[in-house]
Amino acid sequence: MSWDAPATLDLAREHGLSEDEYGRIVTELGRVPNLTELGIFAALWSEHCSYKSSRAYFKRFPTAGPRVVQGPGENAGVVDLGRGWVCVFKMESHNHPSFIEPYQGAATGVGGILRDVFTMGARPVMLLDSLRFGDLDAPRMRHLVDGVVRGIGDYGNCVGVPTVGGEVDVHPGYNGNILVNAMCVGVARADRIFYGRASGPGNRVVYLGSKTGRDGIHGATMASDVFDEAAAAKRPTVQVGDPFTEKLLIECCLELMESGVVVGIQDMGAAGLTSSAFEMASRAGCGLALDLSLVPARERGMTPYELMLSESQERMLLVATPDNVGAVLAICRRWGLDAVEIGSVVAEPEVVATFAGRPAFRLPVAPLVDDAPRYERPATPPVPAAAVTLPPLHDRDLAADLRALLASPVFASARPIWEQYDHSVGASTVVGPGGDAALQLVPGTRIGLAATTDGNAVACSLDPFHGAAHGVAEAVRNLACVGAEPVGVTDCLNFGSPENPAVMGQFVAAVDGLAEACRAFEVPVVSGNVSFYNETSGSAIPPTPTVGMVGVVPELRQRPRTRWQVGDTVYLLGPVEGELGGSRYLQVALGLEAGPVPPVEYEAQRHTAAAVRDLVRLGLAAAKDLSDGGLAVAAVEMSGGTVGCRLTLPAGVSPVRTLFGEWSGAFLLATPAAFEPALERACEGLALTRLGVAGGAKMTVVVGRKHVVEEPIADLAALREGSLAWLSEA
C-alpha cells in the first residue's frame with residue numbers, strides 16, 4: 001500500500017488504534033488520514049509514547065524539592081549536587097524487544113537511556129540495570145539471560161560508560177515476559193543543561209547520527225501490545241545498535257553543546273523521527289517544516305512512512321540558528337557522523353513534511369502530543385494478602401534453611417553477570433557492583449554520587465501498595481550504606497495489560513505506595529517510565545515497580561567499606577526481629593508466597609538511615625541493610641566469603657524471625673573495637689544490639705547454649721555462586 005494512500009478503519013486496528021481513536025483522528029483532521037499520518041498517530045498515541053492509561057496518576061507523585069532543577073516532562077530529570085554540579089538521570093524499559101531478541105533488545109535499551117541523558121548536556125558516568133528473568137529451566141530462558149547480559153555488557157563496555165550496579169531477580173512469573181530496565185546517571189554543570197525544544201521560527205532542523213534503516217519500525221506500538229505464541233515474528237521491530245557510533249555521538253553532542261551552537265536537541269527514541277519532531281515542537285509551542293527526501297537512509301526506496309517510524313539507533317534531532325548550521329555540520333563531520341539540514345522551525349503549531357517534492361503529511365502538534373487520549377481505566381483495588389497459618393518453626397534446622405536460601409536462584413550472586421561489565425572505566429568508581437549502592441566521584445571534585453535500583457515483585461504481588469513503598473525504603477537504606485543522602489527518584493513501572501481492571505488496580509496501588517514513601521523520605525520523583533502489556537497469552541507478569549534512586553555525599557573523605565574485617569564488632573541497628581509475611585524465607589524455604597506485607601515504619605527508618613549515613617561518612621562502620629533473606633543472608637554477604645563470625649542472638653527472640661525476617665529497616669554494622677564507643681554514641685536513642693565479633697572460618701550463630709548455625713563461611717558463599725555460574729562458562 002502506498003505511503004500516501006487513504007487509511008481505513010481496518011488499517012487503524014492493525015496499527016493498534018481502536019475504532020473510537022480512529023474516529024477521533026478523522027474528527028481532529030477533518031479528513032481521512034493517509035497511511036503515513038495514521039502511522040504517526042498510532043506511534044504517538046501508543047501506550048509506550050503517550051502513557052494514555054497512566055498519565056492521570058503521575059500527579060500523585062511528589063515532583064518538587066529544593067534540589068530539583070528539572071522534573072518530569074523532559075528527556076531526563078535533573079537534581080542539584082552542589083558546587084555548580086547537577087545530576088541528570090532516567091530509567092527506561094526495553095522489555096518487549098529483549099524478550100524477542102535479547103542481545104539487541106538489551107543493547108539498544110542501554111543506548112537509548114544513554115541518549116536520554118547526554119541529550120540534556122550531561123556526560124553519562126554510570127549505568128545500572130534491573131533485570132527480571134523466569135525459571136532458569138524454562139524454555140529459552142538461559143538463551144534470554146545470556147543474550148541480555150552480553151547485550152548490556154558489549155554496548156556499555158564499547159561506549160565507555162561503566163556499568164556499576166543493579167539487581168537481578170528470578171521468578172516463574174517472568175517465564176513469558178522478561179524485564180530489562182536500564183538506568184543512566186550523568187553529570188553536568190548547572191548552567192549547561194539543554195532541553196528538547198524546537199524553538200525560534202526560522203531556526204534550522206538538523207538530523208545527525210546514523211543513517212535511517214528499516215529496523216525498529218512499529219517498535220513503540222509493539223511495546224504497547226501483549227505477546228502470544230507468534231511473538232518471534234516481531235523480530236523485525238527490534239532495533240540494531242552500534243555502540244561505537246554512540247560513543248562518537250556522545251562526544252559530538254557534548255562538543256556541540258559546549259560550543260553554544262545548539263538551541264534544542266533530542267534523541268530519536270521510541271517512534272524515532274516522529275517522537276523527536278512532534279515532542280520538540282510541542283514543548284516550544286512551534287511547528288516544523290521537514291523535507292524527508294533529505295533524511296540519510298541506509299536502505300533504498302525508503303518511504304516517508306518508514307523514515308518517520310523507523311527506530312534505528314544512534315540518531316539525534318537538533319535545532320540551530322541559521323548562522324550556526326555551518327558550525328554544527330563541521331563539528332559533526334569532524335566526528336565522522338552524518339549531519340544534514342532537513343527542515344526549519346515554523347510559527348504554526350503543526351509539522352508539515354514533503355517527500356520528493358510531494359506533500360507527505362500535515363499534522364497539528366497538540367492532538368498528537370499534549371491532547372493525546374487519556375484514559376482512566378476501570379481499576380479493581382487489590383486485596384492485600386492476609387496472614388496465613390505457618391507450620392511450627394521452633395524446631396526448624398536453621399542451617400539447612402540458610403543453605404537452601406543461598407542455593408536458590410533467587411539469591412544467586414550476580415558476579416557472573418557484572419564480571420562481564422566494565423565498571424571502572426573513567427577511573428571515578430569508588431564502590432562498584434556487589435555493594436548496596438554504586439558510588440562515584442563527580443569528576444574533579446570530592447562530591448560522591450551514588451545510585452541504586454530496587455524492587456520486590458513478590459511483595460508487590462501480595463500487596464502492591466506496601467510492596468512498592470518498601471522498594472523506596474530499601475533504596476534509601478542502600479544509599480545510606482555508602483554514606484549518601486537520597487536526592488531524587490526515577491522509576492520504571494512494569495505491569496500487565498491496563499485493560500485488565502485487576503492489573504490497573506495493582507498499578508494504582510503501587511503508584512500510591514511509591515508516592516507515600518517518596519513523600520515520607522522527602523525524595524522527589526523527577527523522571528520515569530511506564531511499561532504496560534507485559535503479558536503473554538493472557539498471563540501477566542507480577543506487578544514490578546522498580547525504583548532508581550540517586551544520592552549525594554557532599555564531601556567524600558574515604559572509601560566506604562562493604563565487608564567486615566577480622567576483629568570487627570558486629571551490631572544490629574534497628575528491630576531485632578523482622579516479619580516473615582512476604583519474605584524470601586517463606587518463598588524459598590517453605591514454598592509459600594504469602595502475606596501480609598507490613599507497612600513501612602517511616603519515622604524509625606529515617607532516623608536509622610541518617611545514623612548510618614553519618615557512621616559511614618566518618619569511616620566508623622561498614623554497613624549492610626537487611627532486605628531479602630534478612631540478617632542471615634546479610635551476614636554471608638558482609639563476610640565476603642572469607643571472614644566468618646560468631647553471633648549471639650538476644651534471649652527471648654524468635655530465631656527464625658531474627659535470622660530470616662524482613663521489612664524491619666534494620667542494618668548490620670561492623671566496626672573496629674576501638675570505634676565501639678563512638679558508634680554507640682552515634683546511635684544513642686536508637687535500637688542497637690551487639691551481636692558478636694567477625695573472624696574465623698565459620699559462621700556461627702548461638703541461641704542460648706545452642707549453635708543453630710555453624711557452617712564454613714566459604715561453603716555458604718559458594719552456594720550463592722552456583723545458579724548463574726554457567727554464564728561465566730558460556
Side chain to side chain contact (heavy atoms under 4.5 Å, CB included) with V328: of L318, V262, V319, only one passes, and it is L318
Applying the side chain to side chain contact (heavy atoms under 4.5 Å, CB included) criterion to M316, which one of V206, L337, I265 satisfies it?
I265
For C286, enumerate each residue passing the side chain to side chain contact (heavy atoms under 4.5 Å, CB included) test, keeping only those at least two apart in sequence or located in another chain.
P201, A284, V345
Of all heavy-atom pairs linking R55 and C49, the shortest is NH2-O, 4.4 Å
Just jot down the ring pair (Phe, Tyr, Trp, His ring centres under 6.0 Å) partners of W335, sequence neighbours excluded, or say none.
none
Under the side chain to side chain contact (heavy atoms under 4.5 Å, CB included) test, which residues partner Q420, sequence neighbours left out?
V149, R150, L727
For T303 and E306, indicate whether the former's side chain and the latter's backbone hold a donor-acceptor pair under 3.5 Å.
yes
Check step by step if side-chain contact (heavy atoms from CB on, under 4.5 Å) holds for L292 and M302.
CA-CA 10 Å; L292 299 182; M302 291 193 71; over 6 Å; no
Over all atoms of both residues, closest heavy-atom pair of P433 and T163:
CG-O, 3.9 Å
Quick one: does any side-chain atom of K90 pair with a main-chain N or O of V117 as donor and acceptor, under 3.5 Å?
no
Side chains of D154 and Y103: donor-acceptor distance under 3.5 Å anywhere?
yes
Under the rule for side chain to side chain contact (heavy atoms under 4.5 Å, CB included), what residues qualify as partners of P443, not counting sequence neighbours?
V187
So, do S54 and L493 sit near enough that their side-chain heavy atoms are less than 4.5 Å apart?
no
By salt bridge (Lys or Arg N to Asp or Glu O under 4.0 Å) - contacts of R300 (at least two apart)
none
Between D116 and C184, is there a side-chain heavy-atom distance shorter than 4.5 Å?
no
Compare every heavy atom of S93 with every heavy atom of N529, then report the nearest pair and how far apart it is.
OD1-OG, 2.9 Å
By ring pair (Phe, Tyr, Trp, His ring centres under 6.0 Å), W418 pairs with (sequence neighbours left out) H423
Any donor and acceptor pair, going by atom type alone, linking the side chain of S46 with main-chain N or O of A43 inside 3.5 Å?
yes
Applied to residues 117-129, the side chain to side chain donor-acceptor pair (under 3.5 Å) test, sequence neighbours excluded, yields R123-E251
Among residues at least two apart in sequence or on other chains, which ones pass side chain to side chain contact (heavy atoms under 4.5 Å, CB included) with T354?
D291
Name all residues meeting the ring pair (Phe, Tyr, Trp, His ring centres under 6.0 Å) criterion together with Y421; count only those two or more places apart in sequence or in a different chain, and write none if there are none.
none
Do W3 and R358 make a side-chain contact, defined as non-hydrogen atoms from C-beta onward lying under 4.5 Å apart?
yes
Shortest non-hydrogen contact from G39 to Y305?
CA-CE1, 4.0 Å
Shortest non-hydrogen pair, A327 vs V261, comes out as CB-CG1, 4.1 Å
Does some side-chain heavy atom of W85 sit less than 4.5 Å from a side-chain heavy atom of L449?
no
Min side-chain heavy-atom separation D4-F361 under 4.5 Å
no
Using residues 190-200 as the side-chain source, report each donor-acceptor pair under 3.5 Å to any protein atom, sequence neighbours left out, with the distance given to one decimal.
residue	atom	partner	partner atom	Å
R192	NH2	M257	O	2.4
R192	NH2	E258	O	3.4

Side-chain heavy-atom pair I342, L317 within 4.5 angstrom cut-off:
yes
Between S98 (side chain only) and A106 (backbone N and O only), is there a donor and an acceptor less than 3.5 Å apart?
yes
Tell me yes or no: between the side chains of N95 and N181, is some donor less than 3.5 Å from an acceptor?
yes
Ring pair (Phe, Tyr, Trp, His ring centres under 6.0 Å) against F495, all qualifying residues, sequence neighbours excluded:
F507
Does E341 reach the main-chain N or O of R204 with its side chain, forming a donor-acceptor pair under 3.5 Å?
no
Is the shortest distance from a Lys or Arg side-chain nitrogen in E299 or K211 to a carboxylate oxygen in the other one below 4.0 Å?
no
Just so I know, are the side chains of F355 and T36 near enough to count as touching, which here means a heavy-atom distance under 4.5 Å?
no
Who pairs with R142 by salt bridge (Lys or Arg N to Asp or Glu O under 4.0 Å), at least two apart in sequence or on another chain?
D137
Given side chains that start at C-beta, do those of N203 and P322 come closer than 4.5 Å, heavy atoms only?
yes
May I have the step-by-step check of side-chain contact (heavy atoms from CB on, under 4.5 Å) for V170 and D135, ending in yes or no?
CA-CA 6 Å; V170 175; D135 188 326; 5.7 Å; no
